[in-house]
Amino acid sequence: MDHLDHKLLALLQGNTRTTIQDLADHIGASTASVQRRLKVLRDGGVIRKEVAVLDQNKLGFGVTAIVSVELERDRLDQITAFKRKARDDRQVTNFYCIAGDADFLMIVVAKDIRDYEAFTHRFFFADKNVRKFRTSIVVSTEKATLELPI
């Protein structure tokens with residue numbers, strides 16, 4: 001990757017709907033060059049996915065919870081099952097395996113506190129492998145981005 005690829009990626013992070021012509025104009029390259037570069041970046045997995053960023057409050061998801069989770073056992077099959085369950089659950093928007101006091105950290109969205117409580121019963125209390133979980137409720141979001149500093 002060169003500096004033109006970095007410029008291209010920075011522009012796309014801001015708006016994936018930017019036209020090929022606008023991208024070419026901004027980075028000083030031809031449209032054919034931009035198309036080739038995008039193909040290489042997509043095929044190489046640098047661009048993993050192009051998505052719409054939605055306003056969760058306007059869609060009725062008024063609660064964001066940051067949850068740390070400790071599992072009861074360190075058996076690989078149980079860890080794998082928990083990871084699969086978290087990856088498959090639509091309310092879990094981010095999921096990290098971490099080093100430190102907990103095994104995992106997840107970001108969970110819910111319509112309201114009652115909906116979050118139902119999530120905890122379904123996701124944590126029903127799982128015998130969950131030793132404990134700690135929840136922090138987000139009061140205000142000051143910054144949330146998927147953009148990388150390139």
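Basis for what follows: all heavy atoms, side chains included, without hydrogens, waters or symmetry-related copies. Keep in mind that this is a model prediction, so the values were computed, not measured. One-based numbering along the sequence shown.
- At a threshold of 4.5 Å between non-hydrogen side-chain atoms, the residues Q91 and R122 count as touching.
- I47 and V40 fall into different hydrophobic clusters, where Ile, Leu, Val, Met, Phe, Trp and Tyr side chains are chained together by heavy-atom contacts under 4.5 Å.
- Grouping the Ile, Leu, Val, Met, Phe, Trp and Tyr side chains by contacts below 4.5 angstrom, directly or via other members, places L105 with V138.
- When all heavy atoms of A102 and S68 are compared, the closest pair comes out as CB-CB, 3.8 Å.
- The shortest heavy-atom contact between T135 and I137 is CG2-CD1, 3.8 Å.
- Going from atom CG of L9 over to atom CD of E147 covers 11.5 Å, rounded to the nearest 0.5 Å.
- Residues N129 and I79 share a closest heavy-atom pair of ND2-N, 4.5 Å.
- Side-chain contact between E72 and K128 is absent, with no heavy atoms from C-beta onward closer than 4.5 Å.
- Annotation: the span from R84 atom CZ to R87 atom CZ amounts to 7.5 Å, rounded to 0.5 Å.
- At a threshold of 4.0 Å, the pair R75-D77 counts as salt-bridged, since one of the basic side-chain nitrogens sits closer than that to a carboxylate oxygen.
- I66 and L71 end up in different hydrophobic clusters when Ile, Leu, Val, Met, Phe, Trp and Tyr side chains are linked at under 4.5 Å.
- Taking hydrophobic clusters as Ile, Leu, Val, Met, Phe, Trp and Tyr residues chained together by side-chain heavy-atom distances below 4.5 Å, V67 does not share a cluster with F61.
- A salt bridge is defined here as a Lys NZ or Arg NE, NH1 or NH2 lying under 4.0 Å from an Asp or Glu carboxylate O, and K85 with D127 meets this definition.
- Residues Y96 and M106 form no side-chain contact, since every pair of their non-hydrogen atoms from C-beta on lies 4.5 Å or further apart.
- Taking a cutoff of 4.0 Å between a charged side-chain nitrogen and a carboxylate oxygen, R131 and D103 do not qualify as a salt bridge.
- Between T80 and L76 there is a side-chain heavy-atom pair separated by less than 4.5 Å.
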Could you give me the CA-CA distance, side-chain angles and deciding distance for Q13 and L148, then say whether side chain to side chain contact (heavy atoms under 4.5 Å, CB included) is met? CA-CA 8 Å; Q13 283 188 120; L148 297 175; 3.7 Å; yes

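- Put simply, V46 and L23 are part of the same group of oily side chains (I, L, V, M, F, W, Y) that touch within less than 4.5 Å, one to the next.
- Between the CG atom in D5 and the CZ atom in R37 there is a gap of 4.5 Å [rounded to 0.5 Å].
- Using a 4.5 Å cut-off on side-chain heavy atoms (C-beta onward), I107 and V92 make no contact.
- Residues F125 and F133 bring their aromatic ring centres within 6.0 Å.
- Counted within 6.0 Å of CG on D43, heavy atoms from surrounding residues, nucleotides or ligands total more than 12; the atom is thus considered enclosed.
- The only member of T18, T19, L11 that meets side chain to side chain contact (heavy atoms under 4.5 Å, CB included) when paired with N15 is T18.
- At a threshold of 4.5 Å between non-hydrogen side-chain atoms, the residues R48 and R42 do not count as touching.
- The minimum heavy-atom distance between A65 and Y116, with the atom names listed, is CB-CE1, 3.6 Å.
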Would K7 and I150 satisfy side chain to side chain contact (heavy atoms under 4.5 Å, CB included), going step by step from the backbone distance to the final call? CA-CA 8 Å; K7 283 182 174 181; I150 56 172; over 6 Å; no

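- Put simply, CG on L59 and NZ on K111 are 10.0 Å apart, with the number rounded to the nearest 0.5 Å.
- Ring orientation note: the planes of F119 and F124 are nearly perpendicular, at an angle over 60° on the 30°/60° scale.
- With a 4.5 Å cut-off on side-chain heavy atoms, D115 and V63 do not count as touching.
- A 4.5 Å side-chain heavy-atom check between I20 and L38 finds at least one atom pair inside the cut-off.
- Within 6.0 Å of NE2 in H26 there are 12 or fewer heavy atoms belonging to other residues, nucleotides or ligands.
- In this structure, the ring of F104 has its center less than 6.0 angstrom from the ring center of F82.
- Rounded to the nearest 0.5 angstrom, K49 NZ and L146 CG are separated by 10.5 Å.
- Going from atom OG1 of T141 over to atom NZ of K143 covers 13.0 Å, rounded to the nearest 0.5 Å.
- Here the closest non-hydrogen pair linking A29 and V34 is CB-CG2, 4.4 Å.
- Judged by distance alone, the side chains of Q35 and S33 never bring a donor and an acceptor atom under 3.5 Å apart.
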